[in-house]
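Since the structure comes first, as structure tokens, the remarks are kept for the end.
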Amino acid sequence: ADQVKVGVFPVSSSLPYFVAKERGYFADEGIETEAATLIGGPALLGGLISGQIDVAANLVTIEGMNGNILKPGVATYIAVNGQNAEWQMEQFVVGADHPAKSIADLKGAKILSAPGPANLAMAKAVLAANGLKEGDYQLDQVDMGQHVGALQAGTFDAGYTLEPAGMISVNLGATRLLEAGIISTYVLGDSSANTFAAGAALSGEFIEERPDVAERFAKAWARAVDDIQNDTESVRKHLIENTFTSAEIAPVIPMVNYQMVSDLSDDDLGNFQKFIDFAHQEGILKETVDVKGFLKEY
Amino acid sequence: MKIGTKFYPLFGVLGLVVVWYLGVLSEIVDPILLPSPGQTLAAIYNGMVGGELLFDFLRTIERTAYSILIASVIAIPLGIFLGSSENLYRSVEFVVDFFRSTPASALFPLFLVIFGVGDQTKILVASFGAALVILFNVAYGVMNARETRLLAAKVMGASRFRVLTDVMLMESMPQTFVGLRNGVSLALVIVIVAEMFIGSVDGLGYRVINAQMLFQMPDMYAAIFVSGALGYGFNLLFLTLEKRFVHWSGK
Amino acid sequence: MKIGTKFYPLFGVLGLVVVWYLGVLSEIVDPILLPSPGQTLAAIYNGMVGGELLFDFLRTIERTAYSILIASVIAIPLGIFLGSSENLYRSVEFVVDFFRSTPASALFPLFLVIFGVGDQTKILVASFGAALVILFNVAYGVMNARETRLLAAKVMGASRFRVLTDVMLMESMPQTFVGLRNGVSLALVIVIVAEMFIGSVDGLGYRVINAQMLFQMPDMYAAIFVSGALGYGFNLLFLTLEKRFVHWSGK
Amino acid sequence: MQVKPIEQRDADYLMDDAHVTIRGLSKKFGDVVIYDNFDFDIPRNKITTVFGPNGCGKSTIINMIADLMPRDAGEILINGKPVRETRIGYVFQNYREALFPWLRAIDNIRYPLQFLNLSKAEQKQRVDKLVEYFGVKIDLNRYPYQMSGGQQQLVSIMRSLVVEPEVLFLDEPFSALDYEMTLMMRDQLQKVFMETKTTMVLVSHDLEEAIYLADWVLLLSRHPAQVADFVNFDLPRPRHADSVIDPHFVEVKASCLETFQREVRKG
Amino acid sequence: MQVKPIEQRDADYLMDDAHVTIRGLSKKFGDVVIYDNFDFDIPRNKITTVFGPNGCGKSTIINMIADLMPRDAGEILINGKPVRETRIGYVFQNYREALFPWLRAIDNIRYPLQFLNLSKAEQKQRVDKLVEYFGVKIDLNRYPYQMSGGQQQLVSIMRSLVVEPEVLFLDEPFSALDYEMTLMMRDQLQKVFMETKTTMVLVSHDLEEAIYLADWVLLLSRHPAQVADFVNFDLPRPRHADSVIDPHFVEVKASCLETFQREVRKG
Ligand SMILES: Nc1ncnc2c1ncn2[C@@H]1O[C@H](COP(=O)(O)OP(=O)(O)OP(=O)(O)O)[C@@H](O)[C@H]1O
Ligand SMILES: Nc1ncnc2c1ncn2[C@@H]1O[C@H](COP(=O)(O)OP(=O)(O)OP(=O)(O)O)[C@@H](O)[C@H]1O
Ligand SMILES: [Mg+2]
Ligand SMILES: [Mg+2]
């Protein structure tokens, strides 16, 4: 079988990989995958650039595009994950006892943010869109592992957090959800628009040197995405063993909108480009990039 | 020392447990955030007897053992070599000290780049950290070899090489063990941090971060305490080895 | 020592730079991932002269300084107190050793729970780690105070308390400095790891992780090297202080 | 000189004008009996030297007299009073570990004065007088580790004398010094004794030194320690290098050596 | 005994049957001249003891003879050959730092034999013979740190003798031992000498010891080191405790002391 090295960030966004692997879709295509668990985009991107992995199962798109600026094509997406008010991922939560009813009420609050410059920029943009200027609030980035504890302990009044931390803290009764899908709403200007914040990326080298393997890989991936779209409940069990997800939350954890690049609509592409342009405008990307150049349809 | 002194450590442990219970009972910290000693103990027991914690524990031991092995194999001969010439050691001392002062976790990115994304990176970062500590101690041990013993060997007709193997090597042993003990502590810390932050599917660091992500506090504290015990155990192991193999040390 | 020996460290540094250049030139690692020494130096210069790196550097110094201050204020008196009675020290020794063996990064969650997520947590975890190291050294220093000096003070008419302040305290000083040096290294490492992983908006750890996220490799290596230099500098500072204040040590 | 049975010898070393009286002293370490119901008197205004095999209990006894070590039974009085109420001086063998290296020599010498009720002026006067006694030419503003061994031991002796002790104990004070230093320091000590007449108890493992400095030589045997002999040596002071070939010296030395070989080494 | 000018004394200490010949030896440490064009002969099959003030260069000269320290100029021959071609033995003052604590006593003694071309049987025989010489009653399977100081130094001496050295150097071999041990070890050494007649050079800072053991006593003065006297002491062996009160001993000692006070201490 053809060997493919996949870098995996063990969160729910990597679900298609686990589905394809465990349901034998890769094997059906004559592919044997070797997984390396890597936490965070830098490690994944570093793996792609140095050729230590062929695929990043779940690479944040801003980080991928950053890589493409440095080395064009190094992160070429074959599938992306949409998130918005329906497909919840990023969200603002507030302490259960806090009076705030909307993001606009967070004036003077101590807010935690998911880590990294991109998350910070998004949080600030959302706050700004709700009329809060810098200085109206205090925003600290905090490692994802600490979000629930920090919210539970009341160290922060509110948080710009991601799943599953958001859901866990709400379930514990520590927080209430204020609003989810906020990038779509406030950055893209449409709460139902897809924000493609992450996706599965292949290295340019892989695509060029073993085009047929890459194609078969994408095919297996597409089958997994298909399963997820059509039978969300049966795929959830794949989260338990493979990601930071317990058996209790697996059935209820919110999903993102897994899409193959070939299935993206023009609107989707437009929103994707808008998201990336916004990142450039915020200084997270040194230059802007044409996202279409780094998408590959199979 | 009377027999009673053997039990002194128990007082300390007891004190710790009491403080912990008081912390829990007084609800100074939210009971969801800080489980009671009993819950934690139960989590340790369940985890270690047939649970996943035992597996993670063994994985971390395995990684740490490999790191210290690699570190020793590289650092001990190198340390002897460098230590046998003071000028040579002075040349590299700054670089060694510099890297010793660099938080090993800051070196993760560099090592990921050089050694790739596999398990070997965690082991190699830990080896690197441990090797510097061992190197430095071995070199000092060799440099501080008793002049008299070196002269004694020389006057008895030992060649330069024999002086190195028969005397310097043995002389550096006590200090080498100091290095090994510090090295293994450091290696363990780095392995756990790597398991926490570079990514892993097992090991105590993974267990801590996993329990944290899932907000299973008893499990998290169980993993933390097992890490502490492991560190203590490694230290004890090397102390025992030292007593056995460097029986003359300190006498 | 001849004047020449002053320059030996330069050979080591030179060697490092040469190896680095060779690594870059041979393209063993992708040039995007490993910038050249020149680029890194430029990033250090730009960052330190008017750039943000200087600010982060100062923030890390500030946090480390606070930690070591807090650690000293707690651990030195406590160490003297515990060291002055061997039984007392034996009681807490296990707990101290246990926590010394626990990777400080595994304790982040506990400290976050107790002290919250602010700057104080980073400082306090670092203090905790450093305090254990200092405590342990001070206690040993006191316990190993030369019997003869204690007897000399006693025979001259010093009370138990005066023996403690006049002799034990002074006797423990050399070992206390060993503790301070190890403590400040550890505190720096913990502060940087905390800045990297528990969230922060400044500091060298933040700069490393930020540069890493943005994939600005020269900036990342600049921050890493500045961390190493800082560690080296702290060590040097305490060595200098030691030479000044414990002038009698080792004589 | 024949060693008499214990009972008959009593009169020799229990004297009327004793400065230190030891009665019924017992001391064990674990199961080893070091002293068992030991009686002894230390003469006033004399130098008594103690000579005996290693581990016989020389340090133990002066430590018990100086109250640095608890005794199991018995009574020790200095001038009829318990030690606590007396000013004593003690010079340790290991001056390196006895002086305070963080204090300058002069501050080391001054240190014990703070425990007496003396005005600053009196303190200064005491120190000045002492420095004069010794004709000290060394720079007392240096730290101990900046001085030679002999200079350090001199500072140590000055520190013990500055409180004007009733009794001065010296435990092998010169054995860590080299030959020349030892010769010089013996003479310094003798000079101080001649000027102050302080009662001194000096332990030595060098028989020649023990006799050279002594008015009385106490020879101890061991397990438990007993008085093997208590020898008077009355060669007039000051004694000097040639004294060791004086016939009286040679005779006393021969007698002591004989006792040592016969009574003491066998122990 | 008057010290003669250097030129006239030559005949006394440059001899026909010299075992070690030193000619034109010079040695400086930095600016300090320790030896300047120094000539000396060490007699064959005799014990020569070296006595002199601290730092005069006693250790330096035996280290140079034993090739443990480079010399600046001059020639040193043992039996007409350079040191490298000779088997020598060396006993250090600090036996604790000279023995290998990781080897049992017996292995310490055996250690130098591996550098000779001997069969296992010959090696064993050598060691056995030596053990017999010394009438060793101690358990040689122990590690050095499990032995008393005297026993350790005994092992150290046996280690140096096992190669049957042409010349044995001893640098203050007993000064770290206590009085009893020292007495015993002196007699052991004397016994070995009487049986083997090995040429020995022994440095001592104890004049009594230096004379007691010596056939010849070399008195050194300093800056740079010069022969202050070279004294023959021919009291028949074995000497014993009483020898130190023998008139000949007392006379030689007085003469040496005088020389020491006059010539040497002034340095
Ligand atoms: N603290 C102690 N615990 C147990 N045994 C001790 C202690 N101090 C001394 N001893 C033992 O008591 C005996 C007498 O010791 P002491 O130090 O008085 O001898 P000493 O005559 O001064 O010998 P030295 O000539 O070696 O100084 C020795 O056998 C010694 O081992
Ligand atoms: N390695 C060295 N570097 C500089 N000076 C030295 C060195 N070794 C010895 N000296 C000096 O040379 C002189 C002679 O030293 P040496 O050790 O031979 O004296 P010694 O007669 O053996 O004295 P001691 O009685 O103290 O053993 C001393 O002044 C000493 O300080
Ligand atoms: Mg003693
Ligand atoms: Mg010497």
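Owing to the predicted nature of the structure, the values given are computational and were not obtained by experimental measurement. Every chain is numbered from 1 and lettered A, B, ... according to where its sequence line falls, protein lines coming before strand lines.
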No hydrogens needed, just list the donor-acceptor pairs between chain A and chain B under 3.5 Å.
from, atom 1, to, atom 2, distance (Å)
Ile39(A), N, Ile198(B), O, 2.9
Gln146(A), OE1, Gln212(B), NE2, 3.0
Gln152(A), NE2, Asp30(B), OD2, 2.8

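Looking at residues two or more places apart in sequence or on another chain, you find a side chain to side chain contact (heavy atoms under 4.5 Å, CB included) between Pro164(A) and Ile168(A), Ile253(A). Among residues two or more places apart in sequence or in another chain, the side chain to side chain contact (heavy atoms under 4.5 Å, CB included) test is passed with Val189(B) by Val193(B), Pro103(C). The side chain to side chain contact (heavy atoms under 4.5 Å, CB included) search around Leu186(B) returns Val133(B), Ile190(B), not counting sequence neighbours.
Of the atoms belonging to Ile249(A), it is side-chain heavy atoms, and not backbone ones, that fall under 4.5 Å from chain B. Residue Ile53(A) touches chain B through its side chain alone, counting heavy-atom pairs closer than 4.5 Å. The part of Met196(B) that comes within reach of chain A is its backbone (N, CA, C, O), which places non-hydrogen atoms under 4.5 angstrom from that chain. Proximity to chain B is absent for every atom of Ala165(A), based on heavy atoms less than 4.5 angstrom apart.
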